[in-house]
Asker: 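First the structure, which I've put down as structure tokens, then a few questions once you've had a look.
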Amino acid sequence: LPPLILCTSRVECCRCGDDDAHPSLRRRIDPQKIQVLMSDLTWHLGTLYAATCIKCSSVYYPDTITFPAPQREHRNERLQVLEYDAPYLRVSPKHSLWVERRVALAQEHALLRFHAGWSSFANWLNDMLPCKPAITNRQSQRLFLEHFARRLLVAHGHLASTFTLPAHCSSPDFASAVRARIGVNG
């Protein structure tokens, strides 16, 4: 099979001003080699291409958009918004692992129907995978957070452009940001 190519589905910047001419996105110079777990439970090699807007410095990934914080106390502080209809979700930036969203749907159903936890789902997945790498409990948790947070935010009427969080944050920080947005008893 040919390697997968993961990139944003956008061709113009959605973060730049309200003028009619949105700048087109540019390919970043540094494509990254990744591994993608597909819904047939096989690993595929792929290449991740991030796109940038030269006007506002936003970086577009398949599942998120990162951009400079409006009032930067720290020069490199960035925020991100989620792409709600992303077909692939990043579960491990350190190991460059991505998962097809249909696997996240399977995890959601396993949690609901079988009352399985993240670790049980990771163990089941690893038993089913014909080859490595294995999915860790932390990656299984991140998969659930990435998928379910999007569903939860949409269910509560939050748009992609209104929910921001620190770029590439940890799972606890990600969950805290979603909880703060929806509300403690939401």
Asker: Looking at residues at least two apart in the chain, or sitting in another chain, which of them share a side chain to side chain contact (heavy atoms under 4.5 Å, CB included) with N123?
Answerer: none
Asker: Return the CD to CG distance between E100 and L41, rounded to the nearest 0.5 Å.
Answerer: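 E100 CD to L41 CG: 10.0 Å, rounded to 0.5 Å.
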Asker: Hydrophobic clustering (ILVMFWY, side-chain heavy atoms < 4.5 Å, transitive) - are V91 and L125 grouped together?
Answerer: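 Yes, one cluster joins them.
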Asker: For Q32 and S96, test the side chains for any donor-to-acceptor distance below 3.5 angstrom and give the result as yes or no.
Answerer: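 Short answer, yes.
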Asker: If the condition is ring pair (Phe, Tyr, Trp, His ring centres under 6.0 Å), which residues does F148 pass it with, not counting sequence neighbours?
Answerer: F144
Asker: Compare every heavy atom of D63 with every heavy atom of A86, then report the nearest pair and how far apart it is.
Answerer: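 Closest approach of A86 to D63: CB-CA, 3.7 Å.
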Asker: Looking at every non-hydrogen atom in both residues, tell me the closest pair between A122 and T136 and how far apart they are.
Answerer: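 Nearest heavy atoms, A122 then T136: CB-O, 4.0 Å.
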Asker: Which pairs count as ring pair (Phe, Tyr, Trp, His ring centres under 6.0 Å) when at least one residue sits in residues 34-64, sequence neighbours excluded?
Answerer: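 Non-adjacent pairs meeting ring pair (Phe, Tyr, Trp, His ring centres under 6.0 Å): Y61-H168.
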Asker: Can you tell me if E108 and H147 form a side-chain donor-acceptor pair at under 3.5 Å?
Answerer: yes
Asker: Tell me the closest heavy-atom pair linking C56 and R15, and the distance in Å.
Answerer: SG-CB, 4.2 Å
Asker: What are the two closest non-hydrogen atoms of T42 and P130, and how far apart are they?
Answerer: CG2-CG, 4.5 Å
Asker: State plainly whether the residues R101 and E146 are in salt-bridge range, i.e. N to O under 4.0 Å.
Answerer: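 Answer for the salt bridge query: no.
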Asker: Looking at the rings of F121 and W124, which for Trp means the six-membered one, are their centres under 6.0 Å apart?
Answerer: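 Ring centres of W124 and F121 closer than 6.0 Å.
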Asker: Between S140 and R138, is any side-chain donor less than 3.5 angstrom from a side-chain acceptor?
Answerer: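 Not at all, the side chains of S140 and R138 share no donor-acceptor pair under 3.5 Å.
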Asker: Does any non-hydrogen side-chain atom of R181 lie less than 4.5 Å from one of H156?
Answerer: no
Asker: Ignoring hydrogens, what is the shortest heavy-atom contact between S120 and A116? Give both atom names and the distance.
Answerer: CB-CB, 4.2 Å
Asker: If the threshold is 4.0 Å, N to carboxylate O, is there a salt bridge linking E83 and R10?
Answerer: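 Salt bridge present between E83 and R10.
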Asker: I need the single residue from V11, T52, T8 that forms a side chain to side chain contact (heavy atoms under 4.5 Å, CB included) with L25. Which is it?
Answerer: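 So, applying the side chain to side chain contact (heavy atoms under 4.5 Å, CB included) to L25 and each of V11, T52, T8, only T8 qualifies.
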Asker: If you group Ile, Leu, Val, Met, Phe, Trp and Tyr by side-chain heavy-atom gaps below 4.5 Å, do L105 and L143 land in one group?
Answerer: no
Asker: Side chains of P70 and L79, heavy atoms from C-beta outward: is any pair under 4.5 Å?
Answerer: yes
Asker: Is the count of non-hydrogen atoms from other residues, nucleotides or ligands lying under 6.0 Å from R78 atom CZ greater than 12?
Answerer: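 It does: R78 CZ has more than 12 such atoms within range.
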Asker: What about V178 and L145, same hydrophobic cluster or not, with Ile/Leu/Val/Met/Phe/Trp/Tyr joined at side-chain heavy-atom distances under 4.5 Å?
Answerer: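 Same cluster.
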